[in-house]
Every structure is written in C-alpha cells, then in structure tokens.
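The structure under discussion appears below in the form of structure tokens.
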Amino acid sequence: MALLMRISTAHAASALQLQYLTTEHQDQPLAIETASPRFGWVVTNASRGTVPEAYRIEVARSMAALSEDRPDVWNSGRVISTSSFDITYEGPPLAPSSRYYWKVIAQTSSGNVSAASWFETGPSSLEWSSAAWIGKPAGGSLAAPLLRHVFAVKSGLKSARLYVAAGGYADVSINGHPASDTVLSPDFTNYDKRVLYLAHDVTALLQSGRTNAIGIELGRGFYGLTNPDVWHWEKAPWHGEPRVRVLLKLCYVDDRCEFVGTGPGWRIHDGPTLLDDVYGGEVYDARRAQTRFDTVAFDDHDWGAAAVLSAPKGVLESQREPPARVVQTLQATAVTKLHNGSYVFAFPRVIAGWVTLAVQGYAGDTVVVHYGEKLLPDGSVDDRDDHHYFQHGLQTDRVTLAGRGIESWHSRFSWKGFRYVQVDGWPGSAASLDAVTAQVIHSYVPVIGHFSSGNSLLNWIHAAAVNTMLNNLYGIPTDTPMYEKNGWTGDGMLGADMMLRDLGADTLLSKWVQDIADARNKEGAPLLIAPNPGWGDVRAPPWHAAYVLVPWSLYWQRDDRRVLAEHVDGMAHYVDLEYMRSLGGIADTALGDWVSPGTPADGGNAPEDKHIAATAYLYRMADTMAQIERTLGNDHQAKHFDTIAARVRDAFNRRFFDDAKGLYRGESDNGVRQTHQLLALGFGLVPATQRARVTDALVQAVHAHDDHLDTGALGTKLLLPVLTATGHADLAWMVATQTSFPGWGYWRANGATSLWEHWKLDARSRGHYFLGTIDDWLFGDVAGMRPLAPGWQRIGIHPALTAWLDHAEADTLTPYGRVAVSWSHEQGGLQLKIEIPVGSTAEVRMPATKPAAIAESGQPLSTSPWVHHLHACDADTCFELESGHYRLEQFRKTF
C-alpha cells in the first residue's frame with residue numbers, strides 16, 4: 001500500500017514574542033561607532049503561517065520616554081516591510097559615549113508585538129583626547145610593565161564606562177577586582193591600519209565619594225613580540241613596546257560627566273612577568289609580584305612616571321567581535337610521574353587556553369610547564385618545533401616561586417594548544433591530580449548550531465569540529481592554537497560556512513575580512529595570513545579567494561549586505577588583477593589541495609597540477625563577484641565579471657578536460673585526482689553534456705582508493721556534497737564512515753578528540769579545522785537543511801541519507817530565528833519534524849513518497865492552507881511550507 005504522510009496540527013496557543021534584539025549584530029553593545037547602526041529582532045512563539053507585515057522603531061534617551069510613547073530621538077514611523085534585521089537607523093546624529101534605548105513594534109499577520117533594548121555609543125575623538133598612549137620609557141627590561149593611577153570619584157556616581165585600547169594586551173583591574181572577565185584583549189589587528197578598544201561597565205567596581213585606584217598589566221601580544229619566528233612578527237612595521245590608552249567616563253546623578261585618562265601622571269614599574277610571548281610562553285618570578293598594586297593602599301613611592309608614547313598609526317575603533325574569555329575549566333583525568341621526576345597531566349580533550357598551577361615550594365624554586373597535544377614514546381609531552389619556526393622555544397612557561405604557601409598561577413598573555421601538560425621541577429611531595437587545572441579560552445561566540453544522529457561517528461565528527469573551531473577563534477580564525485596562531489586565508493575561507501552555521505561568528509569574520517583587506521600588497525592582492533606583519537606575499541588564488549568568498553558566506557548565511565558594500569571595490573580590483581595575470585585564462589598558485597593523504601605529514605600540496613585549483617578558484621571568484629555586483633545593483637560591473645567567468649570557464653575546459661576519458665586532468669597529475677573532478681563539478685565548470693561522464697570519473701576515482709577519500713583541504717569540502725548531489729549518496733556514506741586510513745573515523749579510532757592538520761597519525765597539529773568541512777554535509781544532506789536564499793529566508797529541506805540512518809536532526813539560529821529539522825524511522829515509516837522561523841519559507845523534498853499519500857490531520861495535504869506547490873519531483877514529493885512547526889508522518893494507508 002502507498003505510504004501516508006501526516007502533518008500534525010497540534011500546537012499550543014501562542015503569544016507572540018520578540019527575542020534576540022541586536023544593535024549592529026550585538027546584544028546591548030557598550031560602544032558602537034557607526035553613524036547608522038542596524039537593528040534586528042526575531043519573532044518567536046508564533047502560530048503557523050505568520051508573516052511579518054510592518055514595523056516601527058523608536059529611539060529615545062530614556063526608557064521612560066519609550067514607555068510613555070514619546071521617543072525623543074527617532075521614530076521611523078510605520079514601515080511596511082517583511083524585514084526584521086539590519087534595519088538602519090535614520091535619525092539625527094547620535095551623541096558620543098551615550099546610552100540610547102530603542103523599541104520595536106513588529107506587526108505580523110498574527111498580531112503586533114513589541115520589545116525594547118539599549119545600546120551605547122563610543123567616545124568621540126575629543127573625548128579620547130583626555131587619554132594619552134602610555135607605557136614603559138625607552139630601554140630597560142622585557143618585563144611586562146605594571147601601571148597604576150589613583151583618582152577621586154565624587155559622590156552620586158550613576159555610571160562608569162572604561163574604554164581600553166592597547167598595542168598588545170591590557171589586563172585591567174580596579175580596586176583589587178578585574179575590570180571585566182575578558183582575557184587576551186583587545187583583539188589584534190594590523191596596528192598601522194586600525195587599533196581596537198573594548199568598553200566595560202565598571203560602575204559596580206568604583207566607590208562613590210572616595211579615592212579609587214586602577215591597575216594595568218601590559219602584554220606584548222602581536223604588537224611587541226620579541227622572540228624571532230618564521231613569520232617575522234618581531235619585525236612587523238608597527239612593532240614597539242606594549243602601550244595602552246584608557247579612558248574612564250564617570251557620570252553622576254546630576255547628569256554631569258567627567259573623564260579620567262591615561263597620561264604622564266600615571267605610575268609604572270616592571271612586573272613579575274619577565275617575558276611573555278604568544279608562541280613561546282611566559283617567564284614569571286613570583287618574588288617580584290606587586291601584591292594588590294591596583295588598590296589605593298598600595299605604596300608606589302619607588303615606582304617611576306609612565307612615559308607618553310606615540311600612538312599606533314591605525315584608526316581607533318571599537319571591537320565588535322566578542323572578546324576572549326575563560327569559558328570552561330577542565331580537571332585532569334590522569335597524572336603520571338616520569339623517570340626524571342617530572343609529572344604529566346592529561347586532560348579530557350585537546351583545547352586552547354592555559355593551565356592554573358597550585359604549587360607549594362621554597363622561594364626560588366622554579367617549575368617549568370610544557371604544553372602539547374601529543375605525547376612522545378617515553379610519555380613526555382611533545383612540544384617540539386620540528387619546522388624550527390621559533391628561535392626560543394614553544395609553549396613553555398617558567399615560574400619561580402615566592403615561597404609563600406600554596407601559590408596559584410596561570411599565564412596571562414599567551415595561550416596554548418594542548419591536551420597534555422608536563423611540569424618539570426615540581427617541589428615537595430608528589431603532585432596531586434587536582435594540582436593543575438586547564439582553562440578553555442576562546443572568543444566568546446555562542447554555539448548556535450547543533451547536529452546529532454543515530455551514528456556515533458558522525459556525532460563525534462560534529463562535536464570535534466565545533467570544539468576545534470572554537471579552539472581556533474581568537475579575534476580571527478587561526479590555523480592551530482599550538483603552532484601558528486595565524487589567520488591563514490584559505491583555512492578561514494573553507495571553514496566560514498560551518499563557523500557561521502555552528503557559531504555566532506559573524507562579527508568576528510566581518511572583522512577578519514577587514515584584516516584581509518588591510519593586509520593586501522601594493523597591487524591589491526591579499527597575503528597568505530591576516531593580520532600580516534609583511535610575510536607571505538605569494539600568488540595563491542585558492543587562499544586569496546577568502547577576500548571574496550568569506551564576505552559572500554556572510555551574505556549568504558547572515559544576509560549581511562554591508563560587508564559586501566564595504567569591500568566590493570577592493571574585491572573587484574583583486575579579481576581583475578588575478579584575471580589579468582592569468583595568461584589565456586589559466587591561473588597559477590603556490591598552494592593547491594593542501595595535505596591530501598599522500599603528502600608528508602607536516603604538510604604539502606597534493607601530487608597534481610595546481611593550475612586546475614588556481615583556475616577553478618579564479619572562476620569561482622569571478623562568478624561570485626558577478627553575483628555580488630548584481631546584489632548591490634551594479635549591473636554593468638556584474639556583466640563584466642560574467643564575461644570574465646565565461647572566459648575562464650572556457651579556458652579551463654579547453655586546457656584540462658580530457659574528452660576521450662571524460663575527466664579533468666593536469667600535466668603533473670598522479671592518477672585521476674578526486675579534487676579536480678570535484679572542483680569542476682562543485683563550481684559549475686562542467687558542460688551539462690559532460691556532467692554524467694565527469695561524475696562517473698569521480699566515482700571511479702573514489703572506488704580506486706577502496707571507497708576512501710584522496711583529497712586535501714580544498715577537495716574535502718566538496719567531496720560528500722558533490723557525491724550526494726550527483727546521485728551517489730551511498731558512496732558518500734561509505735567515505736564518511738570509513739574507520740581505516742584516510743578518514744575521520746581513522747582519527748577517532750586512534751584516540752582523537754579534535755580534528756587534525758593531516759590525515760596521517762603523525763600529523764603535526766591536532767587542533768586544525770580545515771579537514772572538518774564534512775560538517776557542511778552533515779547539515780545539508782544528512783539532516784537535510786540548507787539556505788536557498790540569503791539569510792535563510794528560503795530554506796531547503798531534503799534529508800538525503802534516510803536509507804543509511806535511523807534518525808538525524810540539526811538546527812541553527814538564522815537572522816530570522818531558529819531553523820530545525822529532525823527525521824526518524826518510526827512505525828515502519830519516516831517521521832519528519834520541521835521548524836521554520838517567521839519571515840522564512842521552506843522548500844521540502846520528501847524521499848520515496850507520493851503526493852496523493854500525504855495528509856495533514858487525516859486530510860489531504862493539498863487542502864492545507866500552509867502548504868503550496870505540492871507535486872511529484874522524480875521519485876520524491878516536493879512542496880513548500882510557510883513558517884511554523886510541522887510534524888510529518890508516514891502511515892501504510894491511503895485515502
């Protein structure tokens with residue numbers, strides 16, 4: 001009998017709500033600088049079929065004004081629109097360093113709903129003039145400087161805002177308490193182009209009507225790094241001693257405000273951190289600690305005067321992306337004593353961060369802490385630098401004790417990638433399991449995407465991908481927290497989609513796009529890493545494509561048009577440049593399909609013609625630029641890039657397509673390369689008449705490797721989605737679930753807790769996400785959800801792996817709200833649950849079902865007012881759904 005499908009109508013009566021109110025994509029930001037901030041909200045708890053109809057936004061200087069319906073700053077009036085995010089403020093200029101309250105009244109087909117929030121603006125240049133850049137005078141030691149200042153706060157304090165800019169890192173405290181919970185902040189940039197500051201609400205830390213004290217310890221970060229390394233950060237154009245600029249705004253109940261800023265009246269002294277290096281670690285002498293130097297009672301008579309230093313050349317800007325924070329503390333799972341007396345602590349998984357020691361010894365005792373992701377055969381921690389990237393060691397802290405009982409210490413200005421920690425020179429009795437704890441640290445982005453299924457390997461892959469991405473978010477997407485900590489453009493480009501789907505990383509990635517723009521060479525081409533100290537100026541279109549494709553991902557996943565508009569000219573210039581230097585439309589690159597299984601474990605290009613990857617990415621950039629220009633209304637420029645894309649596509653096929661064999665190959669290929677077929681199919685380079693032949697060549701290439709992948713970073717992102725889209729979901733499943741080399745299951749079978757830099761067991765790094773882009777397939781094909789329009793306004797729902805699993809589910813938070821899909825086999829049929837946010841619609845494709853057998857609440861689906869365009873599509877059934885929650889079930893009966 002035919003299968004019957006039913007959509008349940010059972011859902012509780014709802015009361016509309018507004019959630020996720022944002023200003024400039026931030027929740028109640030303390031320092032926005034744009035003259036035209038963008039507002040957003042999400043309609044939740046709505047009945048089926050609810051659609052947005054209009055909105056009104058009101059902005060006022062007080063909440064009372066909004067409550068009394070008298071907005072004294074701006075009233076948008078009723079705007080007929082389906083939009084609910086990125087609504088631009090169009091009122092009068094906003095005052096600096098001020099709080100504004102805003103309210104939205106959203107009109108929907110199910111009624112009206114309102115909610116309010118607030119935002120604050122950043123200081124003006126005039127206000128910043130109350131603070132100077134200060135630091136250590138010229139010469140002297142490498143010790144991290146301590147700065148302090150005592151100041152009076154009048155009675156009647158109402159609010160206090162602390163704005164902190166730094167060349168390097170600034171650890172600020174007030175009256176003996178941290179000014180915030182941020183660490184390793186502010187985020188770093190190309191300091192010759194821009195310098196970031198953070199804003200903190202410190203009202204609760206100040207004592208009204210009394211004298212107060214502020215203390216700062218400065219770290220070198222990437223601004224003043226001194227240990228030589230292969231990227232020459234120690235020779236960056238902006239290089240200098242750490243410096244800070246702090247502005248404290250104090251406002252009182254009588255509405256008077258005053259400023260306290262850094263200047264020559266501040267006091268300075270060398271601190272106990274004798275050296276800090278983001279790669280090498282820290283040297284700390286607890287005997288030199290200036291206890292409670294951030295309090296009023298501290299005696300600083302032997303301290304000197306802080307020096308007023310030159311400002312970094314870059315423009316001062318507020319930091320939009322979330323700062324780094326300690327997000328979790330892990331307990332050690334084991335402690336082992338080595339033959340030499342050292343102790344090795346093991347933790348549950350590979351993380352990025354630091355450890356806290358609780359150790360007791362005599363004054364002058366020194367313990368040395370080594371961090372690593374792996375162990376050597378003798379059980380010691382592997383912190384080797386086989387590439388000789390660093391002249392003075394890697395991931396090692398040296399701590400000299402003060403001899404004052406149990407001493408607690410952790411690093412402050414360097415983070416490490418590790419699972420294991422070795423402590424040499426542990427004093428006294430044996431080290432206990434709880435003597436060392438590990439702190440997980442990363443940019444404080446929320447996890448917004450989730451995936452689970454009936455297959456434990458797929459679940460492990462997703463969890464490892466999320467953790468590995470988080471381990472690599474430190475104001476930029478880095479490539480390894482242990483070794484490089486650099487923003488490699490190709491790596492971030494490959495991972496951008498999953499970062500935006502799994503994490504609230506949009507402000508971080510938009511900041512990083514600016515870093516890429518700031519790091520272009522004189523011709524206008526990006527460099528290999530961003531930010532950049534002047535290293536890596538080579539030609540590499542697959543890596544440089546990040547400049548075009550990451551903004552496109554931001555637009556596609558978050559519907560962020562501003563990032564396109566801000567960078568369109570630079571992107572267009574680069575794509576034109578790449579095309580002009582590609583003779584006959586064929587591009588070249590220094591980096592191709594990096595770390596395919598046959599390459600050395602420490603990295604390398606796949607054994608294939610790199611011109612294919614270079615030219616394929618040139619085509620994709622040109623094609624994407626045409627879409628970007630068209631999105632922005634630049635039709636003439638769109639046609640220009642359409643023409644370039646067509647010429648490159650024709651050149652690609654003339655040069656690389658082997659008509660006799662029906663596949664793509666280059667001059668230096670080692671066999672039939674999977675990635676070459678994937679790039680051609682995935683980027684739309686294959687003529688329609690040849691797609692079946694090229695698909696067959698891809699399938700045979702996978703079979704030739706015993707149904708395993710043979711791809712590096714570029715090909716891995718495309719392999720499973722392309723196989724599934726071309727009718728080979730069965731082969732995609734086999735590749736995904738292999739447990740022998742090479743594959744994700746091979747990692748897991750060998751004890752991995754994270755994603756690695758190479759498929760081989762001796763991969764250098766075990767904290768690298770760019771081979772984890774299988775996560776795109778988990779969401780798009782296994783769970784079966786993907787965006788069909790920017791911002792997920794139109795959602796594609798098509799579970800394609802229902803024959804190989806008993807259940808799978810996924811969800812993500814889009815600009816419109818939560819999208820969720822859950823499917824399972826129950827009572828002999830397929831059950832599908834779908835959640836579509838207000839403002840979006842879904843195009844659903846159900847496997848192996850006939851339209852006439854689908855019902856809602858026992859009635860034909862064709863009668864449902866929320867279902868449209870019901871029709872057979874090949875062997876499946878397709879239809880569209882309006883917003884709401886749906887439950888589809890198959891039963892073995894017909895009407």
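Predicted, not measured: the structure shown is a model, and the values here were computed from it.
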- Query: With a 4.5 Å heavy-atom cut-off, do Phe85 and Asp560 have their side chains touching?
  - Reply: no
- Shortest non-hydrogen contact between Arg818 and Leu813, atoms and distance: N-CD1, 3.8 Å
- Message: For Ile448 versus Leu500, what's the shortest heavy-atom pair and its separation?
- Response: CD1-O, 3.6 Å
- Measure the shortest side-chain to side-chain distance between His567 and Gln514 over non-hydrogen atoms and say whether it is less than 4.5 angstrom. yes
- Task: Compare every heavy atom of Ala15 with every heavy atom of Asn45, then report the nearest pair and how far apart it is.
- Result: ND2-O, 2.7 Å
- Item | Test: Arg292 and Asp294 ion pair at under 4.0 Å | no
- Query: Can you pull the salt bridge (charged side-chain N to carboxylate O under 4.0 Å, His left out) pairs that have at least one residue in residues 166-178, sequence neighbours excluded?
  - Reply: Asp171-Arg412
- By side chain to side chain contact (heavy atoms under 4.5 Å, CB included), Phe293 pairs with (sequence neighbours left out) Leu146, Arg148, Gln290, Phe298, Trp303
- Establish, yes or no, whether a centroid distance under 6.0 Å links the rings of Trp102 and Tyr89. no
- Any side-chain heavy-atom pair from Ile57 and Pro71 closer than 4.5 angstrom? no
- Item | Side-chain (Glu24) to main-chain (Ile32) donor-acceptor, under 3.5 angstrom | no
- Message: Show the nearest heavy-atom pair for residues Ser840 and Trp792, with the distance to one decimal.
- Response: OG-O, 2.9 Å
- Where is the tightest heavy-atom contact between Ala783 and Ala810, given as atom of each residue plus distance? CB-CB, 3.5 Å
- pair Lys103-Ile105: side-chain heavy atoms closer than 4.5 Å: yes
- Task: With ring pair (Phe, Tyr, Trp, His ring centres under 6.0 Å) as the test, would you mind laying out the steps for His462 and Phe779 before giving the verdict?
- Result: CA-CA 10 Å; His462 171 71; Phe779 276 79; 5.7 Å; yes
- Check for a donor-acceptor pair, side chain of Ser208 on one end and backbone N or O of Gly156 on the other, with a separation under 3.5 Å. yes
- May I have the step-by-step check of side chain to side chain contact (heavy atoms under 4.5 Å, CB included) for Ser84 and Tyr55, ending in yes or no? CA-CA 8 Å; Ser84 57; Tyr55 65 81; over 6 Å; no
- Taking the six-membered ring for Trp, are Trp128 and Tyr197 ring centroids under 6.0 Å apart? yes
- What residue pairs, at least two apart or across chains, pass salt bridge (charged side-chain N to carboxylate O under 4.0 Å, His left out) with a residue in residues 71-92? Arg38-Asp86
- Is there a side-chain contact between Gln439 and Val183, using heavy atoms and a 4.5 Å cut-off? no
- Task: Would you check, one step at a time, whether the test side chain to side chain contact (heavy atoms under 4.5 Å, CB included) holds for Leu18 with Thr44?
- Result: CA-CA 6 Å; Leu18 295 184; Thr44 62; over 6 Å; no
- Note on the structure: OG (Ser117) and CE (Met63) are apart, to the nearest 0.5 Å, by 9.0 Å
- Item | Residues His450, Glu809; criterion side chain to side chain donor-acceptor pair (under 3.5 Å); working and verdict | CA-CA 8 Å; His450 308 87; Glu809 61 184 71; over 6 Å; no
- Message: Can a donor-acceptor pair be found, under 3.5 Å and without considering hydrogens, that links the side chain of Arg794 to the backbone of Ala789?
- Response: no
- Query: So does Lys193 pair up with Asp515, basic N to acidic O under 4.0 Å?
  - Reply: no
- Gln207/Val296 under side chain to side chain contact (heavy atoms under 4.5 Å, CB included): CA gap, chis, key distance, verdict: CA-CA 11 Å; Gln207 299 179 28; Val296 175; over 6 Å; no
- Query: If we ignore angles and hydrogens, is there a donor and acceptor under 3.5 Å between the side chains of Arg320 and Ser510?
  - Reply: yes
- Query: Taking Arg48 for the side chain and His885 for the main chain, is one N or O donor matched with an acceptor at less than 3.5 Å?
  - Reply: yes
- Would you call Phe259 and Lys249 a side-chain contact if the rule is heavy atoms closer than 4.5 Å? yes
- Name all pairs fulfilling the ring-ring contact (aromatic ring centres under 6.0 Å, His included) condition that reach into residues 148-177, sequence neighbours left out, sorted by first residue then second. His149-Trp266
- Task: Any chance you could lay out the salt bridge (Lys or Arg N to Asp or Glu O under 4.0 Å) test for Lys511 and Glu317, step after step, and finish with the verdict?
- Result: CA-CA 11 Å; Lys511 177 264 186 186; Glu317 294 182 352; over 6 Å; no
- Pairwise side-chain contact, Arg61 with Ser98, heavy-atom cut-off 4.5 Å (strictly under): yes
- Query: Passes salt bridge (Lys or Arg N to Asp or Glu O under 4.0 Å), Arg56 versus Glu58? Steps please.
  - Reply: CA-CA 7 Å; Arg56 184 171 78 251; Glu58 299 174 353; 3.0 Å; yes
- Message: Walk me through whether Trp415 and His442 qualify under side chain to side chain contact (heavy atoms under 4.5 Å, CB included).
- Response: CA-CA 9 Å; Trp415 73 97; His442 53 73; over 6 Å; no
- Task: Determine, step by step, whether Trp866 and Tyr886 satisfy the ring pair (Phe, Tyr, Trp, His ring centres under 6.0 Å) criterion, reporting the C-alpha distance in whole Å, the side-chain angles of both residues, the deciding distance to 0.1 Å, and the verdict.
- Result: CA-CA 10 Å; Trp866 304 291; Tyr886 298 88; 7.0 Å; no
- Flag side-chain contact, heavy atom, 4.5 Å: Thr814 against Pro837: yes
- Query: Shortest non-hydrogen contact from Tyr191 to Gly168?
  - Reply: OH-N, 3.8 Å
- Quick one: ring-ring contact (aromatic ring centres under 6.0 Å, His included) partners of Tyr20, sequence neighbours excluded? none
- Considering residues at least two apart in sequence or located in another chain, which fulfil the side chain to side chain donor-acceptor pair (under 3.5 Å) criterion with Ser185? none
- Within the distance-only criterion (no hydrogens, no angle test), does the side chain of Asn175 pair as donor or acceptor with the backbone N or O of Ala213 below 3.5 angstrom? yes
